[in-house]
Visitor: 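Below is the structure I would like to discuss, written out as structure tokens.
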Amino acid sequence: MIRVRFAPSPTGYLHIGSARTFIFNWLFVRKHQGTMVLRIDDTDLDRNSEASLNSIYEGLNWLGLGWDEFYRQSDRLDLHRKVAYDLLERGLAYRDFTPASDLDDRPHSEAQWLCNPEMRSLSKEQSDARAAAGEPFVIRFRVERDAPYEVEFHDQVYGPQSKLTADIEDFALLRSNGMPTYHLASCADDIDLRITHIVRGQDHLSNTFKHVLIFQAAAERSLPQFAHLPLLIGPDGSKLSKRRHGPVVSVTTYRDHGFLALGYINFLCLLGWSPKDNREQMSLYELTACFSFEGVNRSNAVVNFSEEDPIDPKALWLNSQHLRTIPVGALAPLVRQTLEAHGLTPYGDDAFFNHVVDTIRSRFSTLLDFSSKGRAYFSDDYPIEPQALEKLNAPGARELLRKLADRIEANPEFTESSVEADLRKLAEESGVKAGLLINASRAALTGQTVGPSAFAVFTCIGRERVIQRLRKV
RNA sequence: GGCGCUAUCGUCUAACGGUUAGGACGGAGCCCUCUCAAGGCUUAAAUAGGGGUUCGAUUCCCCUUAGCGCUACCA
């Protein structure tokens, strides 16, 4: 049984890199009918906040993929401590009484820090005595020093990995305030939750050697599988961060820009992974079916945005592809929500609404376009653009539009073809080109010079409103 | 500084030793057309540099360079 976990720490919004990690975990586990664990890694008291936990849920809920089991590390502290003390008991870890402030003075840039030999060699009696006296300490993992060996694991993406114990420092397991470090909490939980595949960002690739040491020391069973994902970076080549790159790094930004969750998921999947057969637009089903770690790349992927253009153009394109191909029935409720959020109430029944959505969607790339560019289809209060005004100001245009209104009113039939017939007949009788009347109609009905076929516009606005709007010009 | 990872068009990527180095986004142009999209077609655009191995390297090995990551009582 495959079990994976997504383990965000609540120290900010849901980062798009984290979102992609979540998605890859999800695709993998759904493909193999395993269990998805959501685990909140909240062991850093200083940086955690309830607000950021909520924003992570917000992002996850928007993606809409879901999970099967849920844990918070802060509820599992006893387990973490037990693992640390067990390692201490067995001599695989030791107490380090060095005050935290002294460690800051370490010459970081020159030689790497491995351990403090004095603390490492403290006898059990001394160590116990100082602890009993209330002196603060951290518990560190005792990495082999006398007989260095290669710590090895096989990464599903990066292949065989190894690192000499001589290059691994005696990392902390338990802080002096009694809280576990990331390394300890993560491994203790992965063991306890019987996680079989650890899928996470490549920034943890070198940490994995430490984790392997913990797993080997603390778990009876064999190592989980590891799969590290290439990082998402900005156009400047640096890791995406809110401070540097702004709101583009938060998934909710894309929700707020009117993205379809599927469109954005699809985009994220194509960053660092490909199905190898040139497919780009894919359904969740297709993504799940063909996802594999073999298809994951090893080099970082740039999210392509700029100040003028804050959304990756490919994301926008992919979204527009989904927007025009998903079933109207699935799209319509989302459009309705968007409209309502902008104070617009669509006309007519569901069938009519679906018809309108279906007609105009191929020109749009986000949900927001329905309430902005598509406003005239859902409200009588819409702006007339300057170019549209020009069309209306064409000689005789207004008068012809009023006549057209009369013709339409006189004709009981109201379909694309009946309107077209009425319009063309009127143009012919008046000795003007049909194009003039067609363009003027669109301008009058939508306030815009761009949009669907003019006759389709008539049916989307509806008979009564068409007559009204044509007369009003 | 040490260790680890990476390197194909501007961007996302394909090519698991032999291709005119393919596709997509974006750009340019053409067609279609009542407008705008969509769609179709065309086009510009890449193997970081240097050594090997090989009949033959984008592909395998080494070096250089560059970028990224880890080197915290952050995750």
Side-chain angles (χ1 to χ4, degrees), chain A residues 7-9 11 41-44 46-47 96 98-100 103-104 106-114 136-140 155 158 161-164 166-169 171-183 185-186 200-210 228 230-231 233 235 237-239 267 270-281 294 297-305 309 312-318 320-321 324 360-365 373 387-388 391 420 423 433-443 448-455 457:
Chain A
S9 59
T11 56
D41 280 11
D42 55 351
T43 56
D44 184 354
D46 296 334
R47 301 203 310 153
D96 181 348
T98 314
L103 281 149
D104 294 342
R106 262 183 237 154
H108 253 96
S109 51
E110 289 170 23
Q112 71 169 317
W113 178 90
L114 285 175
F137 59 86
V138 306
I139 295 184
R140 291 187 182 280
D155 191 89
Y158 287 89
Q161 304 291 317
S162 77
K163 189 170 190 169
L164 217 48
D167 291 319
I168 302 172
E169 74 280 6
F171 53 94
L173 297 171
L174 203 65
R175 296 183 256 234
S176 56
N177 65 0
M179 291 296 283
T181 63
Y182 163 73
H183 303 300
S186 178
R200 68 213 328 180
Q202 193 240 41
D203 45 349
H204 285 301
L205 190 61
S206 26
N207 283 333
T208 305
F209 297 104
K210 296 171 195 166
H228 287 88
L231 264 22
I233 58 177
S238 70
K239 195 173 164 176
F267 168 69
L270 261 20
L271 252 25
W273 173 84
S274 95
K276 314 291 180 203
D277 58 6
N278 285 340
R279 266 186 301 170
E280 304 221 293
Q281 188 198 348
E294 267 176 51
N297 293 322
R298 285 174 288 276
S299 53
N300 295 343
V302 173
V303 179
N304 196 16
F305 62 88
D309 202 3
D312 190 315
K314 192 147 189 175
L316 220 43
W317 171 78
L318 218 33
S320 68
Q321 295 300 309
R324 58 180 124 261
I360 63 180
R361 64 167 162 171
S362 70
R363 281 156 186 83
F364 296 163
S365 54
K373 295 179 191 169
Q387 300 98 313
K391 300 281 184 194
E420 178 162 6
L423 184 145
K433 282 201 231 168
L436 180 134
L437 205 43
I438 287 173
N439 288 326
S441 299
R442 187 186 292 103
Q448 298 168 331
T449 55
V450 303
S453 148
F455 306 113
V457 171

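A note on names: the letters A, B, ... follow the listed sequences, proteins ahead of strands, and every chain is numbered from 1.
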Visitor: Nearest to the side chain of A/Glu280 - B/A75, B/C73, B/C12?
Guide: B/C12
Visitor: To the side chain of A/Arg363, which of B/A24, B/C36, B/C73 is closest?
Guide: B/C36
Visitor: Counting only side-chain heavy atoms from C-beta out, which of B/C70, B/U71, B/C12 sits nearest to A/Glu169?
Guide: B/U71
Visitor: Nearest of B/U35, B/A75, B/U13 to any side-chain atom of A/His183?
Guide: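 Out of B/U35, B/A75, B/U13, the nucleotide with an atom closest to A/His183's side chain is B/A75.
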Visitor: What distance, rounded to whole Å, do you find between the two C1' atoms, one in B/G22 and one in B/C3?
Guide: 38 Å
Visitor: Tell me if a side-chain donor or acceptor on A/Thr208 pairs with a main-chain N or O of A/His204 at a distance below 3.5 Å.
Guide: yes
Visitor: With sugar-phosphate meaning primed atoms plus P, OP1 and OP2, does A/His204 contact a base, only sugar-phosphate, or nothing at under 4.0 Å between heavy atoms?
Guide: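 Base: the residue A/His204, judged by heavy atoms under 4.0 Å, touches a nucleobase.
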Visitor: Is the phosphate of B/C5, meaning OP1 or OP2, less than 4.0 Å from a side-chain N or O of A/Gln161?
Guide: yes
Visitor: With a 4.0 Å cut-off on heavy atoms, is A/Asn297 in touch with a base, just the backbone sugar-phosphate, or nothing at all?
Guide: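 Sugar-phosphate contact only - A/Asn297 comes under 4.0 Å of backbone atoms but never of a base.
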Visitor: Within the 4.0 Å heavy-atom criterion, would you say A/Asn207 contacts the bases, only the backbone, or no part of the nucleic acid?
Guide: base
Visitor: Where the side chain of A/Ser299 is defined as all heavy atoms beyond and including C-beta, which of B/U13, B/A7, B/A75 is the nearest nucleotide?
Guide: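 When the side chain of A/Ser299 is considered, B/A7 is the closest of B/U13, B/A7, B/A75.
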Visitor: What does A/Gly451 touch in the nucleic acid at a heavy-atom separation under 4.0 angstrom: a base, only the sugar-phosphate, or nothing?
Guide: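 Here A/Gly451 touches the bases of the nucleic acid.
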Visitor: Counting side-chain heavy atoms from CB outward, which of B/C73, B/C5, B/G69 is closest to A/Leu205?
Guide: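 Of all the options, the side chain of A/Leu205 is nearest to B/C5.
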Visitor: If you measure from the P atom in B/U8 to the same atom in B/C68, how many Å do you get, rounded?
Guide: 15 Å
Visitor: Tell me what A/Ser9 touches on the nucleic acid: a base, only sugar-phosphate, or nothing, going by heavy atoms under 4.0 Å.
Guide: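 Sugar-phosphate, no base atom in range.
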Visitor: Using the C1' atom as the reference point in each nucleotide, state the distance between B/A15 and B/C31 in Å, no decimals.
Guide: 32 Å
Visitor: Please classify the nucleic acid contact of A/Ala434 as base, sugar-phosphate, or nothing, using heavy-atom distances under 4.0 Å.
Guide: nothing
Visitor: Check every atom of B/G26, B/G22, B/U6 against the side chain of A/Asn278 and return the nucleotide holding the closest atom.
Guide: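 Minimum distance to the A/Asn278 side chain belongs to B/G22.
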Visitor: Any side-chain N or O of A/Ser453 less than 4.0 Å from the OP1 or OP2 oxygen of B/U33?
Guide: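 Negative; the distance criterion is not met.
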Visitor: Considering only atom C1', compute the distance from B/U13 to B/U59 and round it to an integer number of Å.
Guide: 16 Å
Visitor: What nucleic acid atoms does A/Pro235 come within less than 4.0 Å of, heavy atoms only: base, sugar-phosphate, or nothing?
Guide: nothing
Visitor: Between B/A45 and B/A21, how many Å separate the two C1' atoms, rounded to a whole number?
Guide: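 To the nearest whole Å, 13 Å.
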Visitor: By nearest heavy atom, map A/Asp167 and A/Gly272 onto RNA chain B; which one lands nearer the 5' end?
Guide: A/Asp167
Visitor: Please tell me which of the listed nucleotides, B/C36, B/C12, B/G10, lies nearest to the side chain of A/Asn304?
Guide: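 Taking heavy atoms from C-beta onward, the closest nucleotide is B/G10.
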Visitor: Under 3.5 Å, is there any donor-acceptor pair linking the side chain of A/Lys314 to the base of B/C12?
Guide: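 Under the 3.5 Å cut-off, the side chain and the base do form a donor-acceptor pair.
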Visitor: NA contact type, A/Gly201, heavy-atom cut-off 4.0 Å: base, sugar-phosphate, or nothing?
Guide: nothing
Visitor: I'd like the P distance from B/C55 over to B/C41, given in whole Å.
Guide: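 Per the computed distance, 43 Å lies between those P atoms.
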Visitor: So, does A/Arg442 get its side chain near the phosphate of B/C36, meaning an N or O under 4.0 Å from OP1 or OP2?
Guide: no
Visitor: Heavy atoms from C-beta onward define the side chain here; which of B/G26, B/A37, B/A75 lies closest to that of A/Pro313?
Guide: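 Closest nucleotide to the A/Pro313 side chain: B/G26.
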Visitor: Would you call A/Arg279 and A/Asp277 a salt bridge, taking side-chain N to carboxylate O under 4.0 Å as the test?
Guide: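 Result for this pair is yes, salt bridge flagged.
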Visitor: B/C73 base to A/Ser176 side chain: any donor-acceptor pair below 3.5 Å?
Guide: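 Flag set: donor-acceptor pair detected.
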Visitor: When you measure from the side chain of A/Tyr158, which nucleotide among B/U11, B/U6, B/A75 comes out closest?
Guide: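 Ranking B/U11, B/U6, B/A75 by closest atom to the A/Tyr158 side chain puts B/U6 first.
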